[in-house]
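All remarks here apply to the structure that follows.
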Amino acid sequence: MIAIAGDIGTHGATEIFEILTTFKCPIVYVHGNWDRMPEDAKFGARAHLVHLQVVKFAGLAFAGYSFRGPPPQRLGHGSAEYAEQCRSLLRAAIRKSGVDLQRCVLMTHDRARHLDRDFPNLLLHIYGHVHTFEVLRRGATTYVNASALDRILPVARAHDRKRLRHVNAGNYAVIEVGRGGKVSVECRLLRRNYQEWGVVGPLTSNGPLGKDLIPEDAVFADPLDVPTQEVRRRGH
């Protein structure tokens, strides 16, 4: 399965899902704070939005909620209140489905805390939002910040070191769940074969907006109409 913990990208979502469906496997996802897709957006029969619902595949159940996503009813305005109300609705949906939490994967955009309180013995929590990769274990639950697909590295050609460009040095995660419920996680970097470009500085943290990407990466950039000044203030 492919699991996406949000920040798919508004303008490129359709193309991204078209590429992902070529893997011929189910896709489960939630919306992130940079996603502005319509509530009724569909991305093919294999793609399943798990916002406040439970879907089951291959002996596992997937459930979650989007970052201030489209709830079935008006929920609280504050982030904490919204998350609490989503968790309450999700607990009810999981109970109704009869799912064993030891075989359940919770997906959110930002990391959910104190899961042992609301989802005791939860198998796995997949999240994103903070652009990094990490694996944590709290009690019976494995927490995985699955990817940072927009970690940007400044690069230059050997004969033109003063003209900076940028490449995407992101990663994804491969998560395996054994028959006994043992979870293993591997971080895999995106493959790169841009041998004419050399790294000339540290990673930047605010994504590709406002960056001069090399041509191989520029074709995948999401050209959001956000002023550079606002990007610097808010981050990505």
Side-chain angles (χ1 to χ4, degrees), residues 1-72 75 79 82-83 86-87 89-90 93-94 97 99 103-112 115 119 122-135 141-150 168 170-177 183 185 187-188 190 207 220-222 224 236:
M1 295 193 58
I2 297 173
I4 307 174
D7 280 1
I8 300 159
T10 302
H11 300 287
T14 298
E15 182 181 1
I16 289 170
F17 276 105
E18 286 176 354
I19 294 171
L20 294 178
T21 55
T22 66
F23 286 87
K24 309 296 184 184
C25 68
I27 304 165
V28 288
Y29 69 99
V30 292
H31 289 165
N33 58 303
W34 279 79
D35 296 328
R36 300 292 185 272
M37 287 84 82
E39 295 181 16
D40 58 351
K42 302 295 182 184
F43 300 104
R46 289 193 177 94
H48 305 271
L49 177 65
V50 296
H51 178 67
L52 301 183
Q53 61 178 323
V54 181
V55 297
K56 301 176 184 178
F57 296 103
L60 292 177
F62 294 80
Y65 55 89
S66 295
F67 189 97
R68 301 306 303 268
L75 297 181
S79 296
Y82 170 83
C86 280
R87 285 166 68 143
L89 292 170
L90 205 55
I94 290 173
S97 71
V99 166
R103 302 293 295 175
C104 185
V105 180
L106 174 68
M107 295 178 57
T108 64
H109 183 53
D110 51 343
R111 192 177 97 184
L115 293 181
F119 305 97
L122 178 74
L123 174 69
L124 176 64
H125 175 33
I126 300 176
Y127 57 98
H129 195 45
V130 178
H131 295 202
T132 186
F133 170 83
E134 68 177 354
V135 180
T141 305
T142 300
Y143 293 66
V144 181
N145 189 332
S147 66
L149 291 177
D150 60 355
N168 187 333
N171 75 278
Y172 60 100
V174 176
I175 304 172
E176 295 186 1
V177 179
V183 177
V185 185
C187 177
R188 292 188 184 178
L190 298 177
F220 297 110
D222 192 356
L224 291 176
H236 180 59

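In this chain, residues are counted from 1 in sequence order.
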Quick check: closest heavy atoms across [X] and [Y], and the distance to 0.1 Å?
{"X": "Arg36", "Y": "Asn33", "value": "NH1-O, 2.5 Å"}
{"X": "Tyr172", "Y": "Ser147", "value": "CA-CB, 3.9 Å"}
{"X": "Ser97", "Y": "Lys56", "value": "O-NZ, 3.2 Å"}
{"X": "Ala41", "Y": "Tyr29", "value": "O-OH, 4.3 Å"}
{"X": "Gly128", "Y": "Ala5", "value": "N-CB, 3.8 Å"}
{"X": "Ile2", "Y": "Cys25", "value": "CG1-SG, 3.8 Å"}

* Please determine which of Leu122, Leu106, Val54, Leu89 meets the side chain to side chain contact (heavy atoms under 4.5 Å, CB included) test together with Ile94. =>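 Answer to the side chain to side chain contact (heavy atoms under 4.5 Å, CB included) test with Ile94 among Leu122, Leu106, Val54, Leu89: Val54.
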
With a 3.5 Å distance limit and no angle check, can you tell me whether [X] reaches the backbone of [Y] through a side-chain donor-acceptor pair?
{"X": "Asn171", "Y": "Phe133", "result": "no"}
{"X": "Asp7", "Y": "Trp34", "result": "yes"}
{"X": "Asp35", "Y": "Gly9", "result": "yes"}
{"X": "Glu15", "Y": "His11", "result": "no"}

[atom1]/[X] to [atom2]/[Y] distance, rounded to the nearest 0.5 angstrom?
{"X": "Tyr143", "Y": "Ile126", "atom1": "OH", "atom2": "CD1", "result": "13.5 Å"}
{"X": "Thr141", "Y": "Leu124", "atom1": "OG1", "atom2": "CG", "result": "8.5 Å"}
{"X": "Ser66", "Y": "Met107", "atom1": "OG", "atom2": "CE", "result": "9.0 Å"}
{"X": "Ile27", "Y": "Phe43", "atom1": "CD1", "atom2": "CZ", "result": "10.5 Å"}
{"X": "Cys187", "Y": "Glu134", "atom1": "SG", "atom2": "CD", "result": "11.5 Å"}

Could you check whether Phe62 and His48 have their ring centres less than 6.0 Å apart?
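For His48 and Phe62, the ring centres are not under 6.0 Å apart.
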
Ring center gap for His125 and Tyr127 short of 6.0 angstrom: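 That pair passes the under 6.0 Å test.
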
### Message
Could you check whether atom CZ of Phe57 has more than 12 heavy atoms from other residues, nucleotides or ligands sitting under 6.0 Å from it?
### Response
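Yes, enclosed.
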
Just wondering, do [Y] and [X] contact through their side chains at under 4.5 Å, heavy atoms?
{"X": "Val30", "Y": "Val50", "value": "yes"}
{"X": "Val28", "Y": "Met1", "value": "yes"}
{"X": "Ile4", "Y": "Leu20", "value": "yes"}
{"X": "Arg46", "Y": "Phe17", "value": "no"}
{"X": "Arg111", "Y": "Asn145", "value": "no"}

Testing His129, His51, His31 for ring-ring contact (aromatic ring centres under 6.0 Å, His included) with Phe67, which one passes?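 Filter result, single survivor: His129.
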
